[in-house]
*Asks:* 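Below are the structure tokens for one structure; questions will follow.
All chains are named by letter (A, B, ...) in the order of the sequence lines, taking the proteins before the strands, and each is independently numbered beginning at 1.
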There are 2 protein chains.
Amino acid sequence: MNGSPDPERESADTGVPPGAELMTPAQVAKMFHVDPKTVTRWAQAGKLTYMRTLGGHRRYRRDEVIDLLRNSTDDE
Amino acid sequence: MNGSPDPERESADTGVPPGAELMTPAQVAKMFHVDPKTVTRWAQAGKLTYMRTLGGHRRYRRDEVIDLLRNSTDDE
DNA sequence: AAACACTCGGGTAATTTGGGGT
DNA sequence: AATGTCCAAATTACCCGAGTGT
């Protein structure tokens, strides 16, 4: 039989470090209470880092959004 | 100083060459923050190479997924 | 053998994209 | 300069029942 016990049946380690999780435009838009289109403009303006799905949709980094939200939520 | 435990140990056990490890649809989906079904569409569209289990389930190359992720990142 | 999570298909809503205009 | 809305096309998300689990 199998000598190995079962060290790991389902490794959840996708290689995605904490803070690198991605968000959809709608998610970010709701956090700022703005239109998703506005979030897109921020991304295009280079104010927000993003990556794209293979279909071309943008995905935003959660940690960066949180950081931006902090800076804007606190009246500078 | 090395905080990293050890990124991979399966290759030593299975004899699979580095970078050739396979990922499930759910794993890939989490990395892109999309639905597993979407990953399937990418595969069907030829945007992602895949193998199949004997039962017909798709498996993706971690190597290629990581590369696609890095290339789609708009980080300058 | 049974149970549970995940994936397979298809089909149909909801979201996103890009450009243009207020 | 910055934001919200309208449009059409494309992409993605959720629904189901049935099969897989290197």
*Asks:* OP1 or OP2 of D:dG21 versus the side-chain N and O atoms of B:T53: is any pair under 4.0 Å?
*Replies:*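 Affirmative; the distance criterion is met.
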
*Asks:* Do any side-chain nitrogens or oxygens of B:T40 fall under 4.0 Å of OP1 or OP2 in C:dC8?
*Replies:*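 For C:dC8, OP1 or OP2 has a side-chain N or O of B:T40 closer than 4.0 Å.
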
*Asks:* Using atom OH of A:Y60 as one end and atom C1' of C:dT15 as the other, report the distance to the nearest whole Å.
*Replies:*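 Going from A:Y60 (OH) to C:dT15 (C1'), I get 12 Å.
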
*Asks:* Please give me the minimum heavy-atom distance between B:L68 and B:F32, naming the atom from each residue.
*Replies:*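 For B:L68 and B:F32, the tightest heavy-atom pair comes out as CB-CZ, 4.1 Å.
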
*Asks:* Determine the minimum heavy-atom distance between A:Y60 and A:T40, stating which atoms define it.
*Replies:*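 Heavy atoms only, the tightest pair is OH-CA, 3.7 Å.
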
*Asks:* The side chain of B:A26 lies closest to which of these nucleotides: C:dC6, C:dT16, D:dT12?
*Replies:*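 Of C:dC6, C:dT16, D:dT12, C:dC6 is nearest to the side chain of B:A26.
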
*Asks:* Would you indicate, yes or no, if D:dT3 has its OP1 or OP2 atom less than 4.0 angstrom from a side-chain nitrogen or oxygen of A:W42?
*Replies:*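 Yes, A:W42 has a side-chain N/O under 4.0 Å of OP1/OP2 on D:dT3.
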
*Asks:* Grab the two heavy atoms, one from A:P25 and one from A:R58, that are nearest each other, plus how far apart they are.
*Replies:*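 Here A:P25 and A:R58 meet closest at CD-O, 3.4 Å.
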
*Asks:* Counting only Watson-Crick pairs (N1-N3 plus N6-O4 or O6-N4) and G-U wobbles (N1-O2, O6-N3), all under 3.5 Å, who is the partner of D:dA10?
*Replies:*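 D:dA10 is paired with C:dT15.
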
*Asks:* Under 4.0 Å: is that the gap between some side-chain N or O of A:R59 and OP1 or OP2 of D:dT11?
*Replies:*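 Checking A:R59 against D:dT11: no side-chain N or O falls below 4.0 Å of OP1 or OP2.
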
*Asks:* Flag the pair A:V65 / A:R62 as yes when at least one side-chain heavy-atom distance between them is below 4.5 Å, and no otherwise.
*Replies:*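 No, every pair of side-chain atoms sits at 4.5 Å or beyond.
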
*Asks:* Kindly point out which of C:dT16, C:dC8, D:dA13 is positioned nearest to the side chain of B:H57?
*Replies:*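 Among the listed nucleotides, the one closest to the side chain of B:H57 is C:dC8.
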
*Asks:* OP1 or OP2 of C:dT7 sitting under 4.0 Å from any side-chain N/O of B:T24?
*Replies:*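 Yes, within the criterion.
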
*Asks:* Atom CZ of B:F32 and atom P of D:dA13: how far apart are they, to the nearest Å?
*Replies:*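 Rounded to the whole Å, the gap is 12 Å.
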
*Asks:* Just verifying a value: how many Å separate A:R61 CZ and A:L22 CG, rounded to the nearest 0.5 Å?
*Replies:*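 A:R61 atom CZ to A:L22 atom CG measures 8.0 Å (nearest 0.5 Å).
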
*Asks:* In whole angstrom, give the distance that lies between atom OH of A:Y50 and atom C1' of C:dT17.
*Replies:*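 Rounding to the nearest Å, OH of A:Y50 and C1' of C:dT17 are 12 Å apart.
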
*Asks:* What's the CD-P distance between B:Q27 and C:dA5, to the nearest Å?
*Replies:*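 Answer to the nearest Å: 17 Å.
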
*Asks:* In whole Å, I'd like the distance from the CZ atom of A:R58 to the C1' atom of C:dT17.
*Replies:*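 Those two atoms, CZ and C1', are 7 Å apart.
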
*Asks:* Suppose we define a pair by two distances each less than 3.5 Å, Watson-Crick or G-U wobble; what does C:dA3 pair with here?
*Replies:*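 Looking at the geometry, C:dA3 pairs with no nucleotide.
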
*Asks:* To the nearest angstrom, how far is B:L22 atom CG from D:dG21 atom P?
*Replies:*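 So the CG-P distance, B:L22 to D:dG21, works out to 13 Å.
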
*Asks:* Separation of A:Q44 atom CD from C:dT16 atom P, in whole Å?
*Replies:*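 About 14 Å, once rounded to whole Å.
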
*Asks:* Could you tell me the Watson-Crick or G-U partner of D:dC15, where both distances fall under 3.5 Å? Say none if there is no partner.
*Replies:*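 Its partner is C:dG10.
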
*Asks:* Report the distance from atom CZ of A:R59 to atom CD of A:Q27, rounding to the nearest 0.5 Å.
*Replies:*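 Answer for the CZ-CD pair, A:R59 versus A:Q27, is 10.5 Å.
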
*Asks:* Rounded to the nearest angstrom, tell me the gap between atom CG in B:L54 and atom P in D:dG21.
*Replies:*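 After rounding, the gap between these two atoms is 7 Å.
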
*Asks:* Give me, pair by pair, the N or O atoms of the protein and of nucleotides 5-7 of chain D that are less than 3.5 Å apart, along with how far apart they are.
*Replies:*
from  : atom 1 : to    : atom 2 : distance (Å)
D:dT5 : OP2    : A:D35 : OD1    : 3.4

*Asks:* Between the side chains of B:D35 and B:K37, is the shortest nitrogen-to-carboxylate-oxygen separation below 4.0 Å, so that they form an ion pair?
*Replies:*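 The answer is no: the pair does not qualify as a salt bridge.
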
*Asks:* If you take all heavy atoms of A:M51 and B:T73, which pair is closest and at what distance?
*Replies:*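 The pair with the smallest heavy-atom distance is CB-CA, 3.7 Å.
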
